[in-house]
Amino acid sequence: MPRYDYRCRACGATFEVSRPMAEASAPAACPDGHDDTVKLLSTVAVTGGTTAAPPRSGGCCGGGCCG
């Protein structure tokens with residue numbers, strides 16, 4: 001289940017809420033009971049699962065490929 005980060009405008013606390021994606025835009029109350037919160041933009045790190053491209057033959061000369 002995705003986690004969403006929020007910041008309380010009343011007390012400045014930041015907190016996470018785990019909820020289904022269908023409820024991503026629903027308001028979230030601060031753990032201290034304040035209702036004036038804002039959803040923060042989170043960064044997502046995606047790693048693994050891909051392989052590097054095989055090396056090409058030839059080389060590059062000044063931005064152009066030399067075969």
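- A donor-acceptor distance shorter than 3.5 angstrom exists from the side chain of Lys39 to the backbone of Ala24, with no hydrogens or angles considered.
- Tyr6 and Met21 fall within the same hydrophobic cluster, where Ile, Leu, Val, Met, Phe, Trp and Tyr residues are linked whenever their side-chain heavy atoms come under 4.5 Å apart, directly or through other members.
- Annotation: side chain of Pro2 is not in contact with side chain of Ser18 (no heavy-atom distance under 4.5 Å).
- Expressed to the nearest 0.5 Å, how far SG of Cys8 lies from CG of Asp32 amounts to 7.0 Å.
- No donor-acceptor distance shorter than 3.5 angstrom exists from the side chain of Arg19 to the backbone of Met1, with no hydrogens or angles considered.
- The CZ atom of Arg9 sits 8.0 Å away from atom OG1 of Thr37, with the distance rounded to the nearest 0.5 Å.
- For the atom pair CG of Leu40 and CZ of Arg7, the computed distance is 6.5 Å after rounding to the nearest 0.5 Å.
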